[in-house]
Amino acid sequence: EAGVTQFPSHSVIEKGQTVTLRCDPISGHDNLYWYRRVMGKEIKFLLHFVKESKQDESGMPNNRFLAERTGGTYSTLKVQPAELEDSGVYFCASSQEQYSDTQYFGPGTRLTVL
Amino acid sequence: LAKTTQPISMDSYEGQEVNITCSHNNIATNDYITWYQQFPSQGPRFIIQGYKTKVTNEVASLFIPADRKSSTLSLPRVSLSDTAVYYCLVGATNTGFQKLVFGTGTRLLVSP
């Protein structure tokens with residue numbers, strides 16, 4: 001069974017540009033999460049989807065970030081316009097149950113904003 | 001979610017047993033203790049979870065004393081491939097684990 005996949009693995013963009021990150025969860029997992037680690041800080045929660053609905057987006061830093069999960073399958077996270085402080089690693093995770101202690105993480109997308 | 005405290009780093013040699021202790025003084029009655037492992041350039045991976053006493057799986061053992069204010073992750077006979085960051089998380093499985101709260105973790109370096 002394929003794990004959580006993320007695309008791209010790396011992205012380098014200039015300040016002010018737009019970037020879209022994609023996450024494909026494990027098949028059948030209704031719950032999808034986004035996390036990020038910026039500049040040596042701790043991994044922080046961004047948001048949680050249950051199918052196509054946003055269950056919790058309390059961790060989204062500001063309105064430059066837009067997450068979608070149309071159809072309840074893959075998800076995208078768009079940053080527009082990107083700022084220098086957005087640089088970091090963005091992780092996606094999925095789980096089968098909503099209240100699950102086991103989340104399966106993807107390898108992450110490393111975003112560098114110049 | 002209860003705050004956790006772990007050593008920033010630990011060093012070990014191949015074949016040794018490694019014990020990583022996590023403090024969680026404010027753990028609540030409904031909270032479980034979960035450990036994740038993260039290899040370089042990968043996302044975190046669940047390794048073990050427990051509520052009290054001892055839990056063992058094919059990867060590690062987790063020891064939790066009666067007061068539950070701390071826990072110890074034990075890795076038997078580590079190898080070079082166990083070099084990773086280990087995170088201790090505390091939360092209630094029926095409410096708190098929808099968003100995992102990661103601390104700084106413990107960076108374990110295993111040398112030959």
Side-chain angles (χ1 to χ4, degrees), chain A residues 2-10 21 23-26 29-51 53-60 67 88-111, chain B residues 1-9 22 24 27-28 30-52 55 57-60 62 64 68 71 73 84-107:
Chain A
V4 176
T5 57
Q6 295 186 244
F7 182 83
S9 57
H10 294 85
L21 314 180
C23 167
D24 286 79
I26 293 173
H29 282 192
D30 288 339
N31 295 275
L32 187 149
Y33 313 81
W34 284 97
Y35 295 81
R36 74 171 182 175
R37 179 198 301 199
V38 295
M39 291 306 294
K41 297 288 184 63
E42 298 162 5
I43 299 172
K44 296 289 189 183
F45 167 85
L46 295 179
L47 88 159
H48 169 206
F49 282 100
V50 178
K51 297 184 179 179
S53 300
K54 293 176 184 176
Q55 177 78 6
D56 181 355
E57 51 184 330
S58 61
M60 294 288 266
V89 182
Y90 290 76
F91 294 104
C92 174
S94 71
S95 69
Q96 194 161 27
E97 301 295 331
Q98 183 170 358
Y99 299 109
S100 173
D101 46 66
T102 307
Q103 294 183 16
Y104 298 87
F105 282 77
T109 293
R110 181 172 296 278
L111 173 64
Chain B
L1 295 177
K3 181 179 173 62
T4 60
T5 303
Q6 308 173 230
I8 296 295
S9 64
C22 177
H24 27 79
I27 190 168
N30 293 334
D31 286 343
Y32 280 70
I33 300 147
T34 304
W35 286 78
Y36 275 74
Q37 173 190 55
Q38 185 180 22
F39 297 115
S41 301
Q42 293 188 26
R45 180 178 76 114
F46 171 92
I47 49 174
I48 198 166
Q49 182 189 70
Y51 183 80
K52 62 180 180 180
V55 179
N57 62 22
E58 65 278 5
V59 176
L62 179 60
I64 305 167
R68 304 198 329 119
S71 58
L73 176 73
V85 179
Y86 293 82
Y87 296 97
C88 166
L89 292 80
V90 174
T93 58
N94 62 337
T95 59
F97 277 115
Q98 290 184 81
K99 52 181 178 181
L100 301 179
V101 179
F102 290 88
T104 56
T106 297
R107 187 174 298 276

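Residue numbers begin at 1 in each chain, while the letters A, B, ... track the order of the sequences.
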>> Heavy-atom cut-off 4.5 Å, strictly under: side chain, backbone, both or neither for Ser41(B) against chain A?
In response: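 For Ser41(B), backbone heavy atoms alone lie under 4.5 Å from chain A.
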>> Which atoms of Tyr87(B) are under 4.5 Å from chain A, going by heavy atoms: the side chain, the backbone, both sets, or neither?
In response: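 It is the side chain, since no backbone atom gets that close.
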> Under the ring pair (Phe, Tyr, Trp, His ring centres under 6.0 Å) test, which residues partner Tyr51(B), sequence neighbours left out?
Replying inline: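 For Tyr51(B) the ring pair (Phe, Tyr, Trp, His ring centres under 6.0 Å) partners, ignoring immediate neighbours, are Tyr32(B).
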>> Test of understanding: with ring pair (Phe, Tyr, Trp, His ring centres under 6.0 Å), list the residues that count as partners of Tyr90(A), not counting sequence neighbours.
In response: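 Not a single residue meets the ring pair (Phe, Tyr, Trp, His ring centres under 6.0 Å) criterion with Tyr90(A).
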> With a 4.5 angstrom heavy-atom cut-off, which part of Ser58(A) approaches chain B: side chain, backbone, both or neither?
Replying inline: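 Ser58(A) touches chain B through side-chain heavy atoms alone.
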>> Taking side chain as everything from C-beta outward and backbone as N, CA, C, O, which of these in Arg37(A) sits under 4.5 Å from a heavy atom of chain B? Side chain, backbone, both or neither.
In response: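 Contact with chain B: side chain only.
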> How many angstroms lie between OG1 in Thr102(A) and CD1 in Ile48(B), if you round to the nearest 0.5 Å?
Replying inline: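 Here the interatomic distance stands at 11.5 Å.
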>> Within this structure, what is the CZ-CZ distance for the pair Phe102(B) and Phe45(A), rounded to the nearest 0.5 Å?
In response: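 Those atoms lie 11.5 Å apart.
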>> If you compare all heavy atoms of Phe91(A) against all heavy atoms of Gln42(B), which two are closest, and at what distance to 0.1 Å?
In response: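 It is CE2-O, 3.7 Å.
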>> Can a donor-acceptor pair be found, under 3.5 Å and without considering hydrogens, that links the side chain of Tyr33(A) to the backbone of Leu100(B)?
In response: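 No.
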>> Taking NZ in Lys54(A) as the centre, count heavy atoms belonging to other residues, nucleotides or ligands within less than 6.0 Å. Is the count above 12?
In response: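 It does: Lys54(A) NZ has more than 12 such atoms within range.
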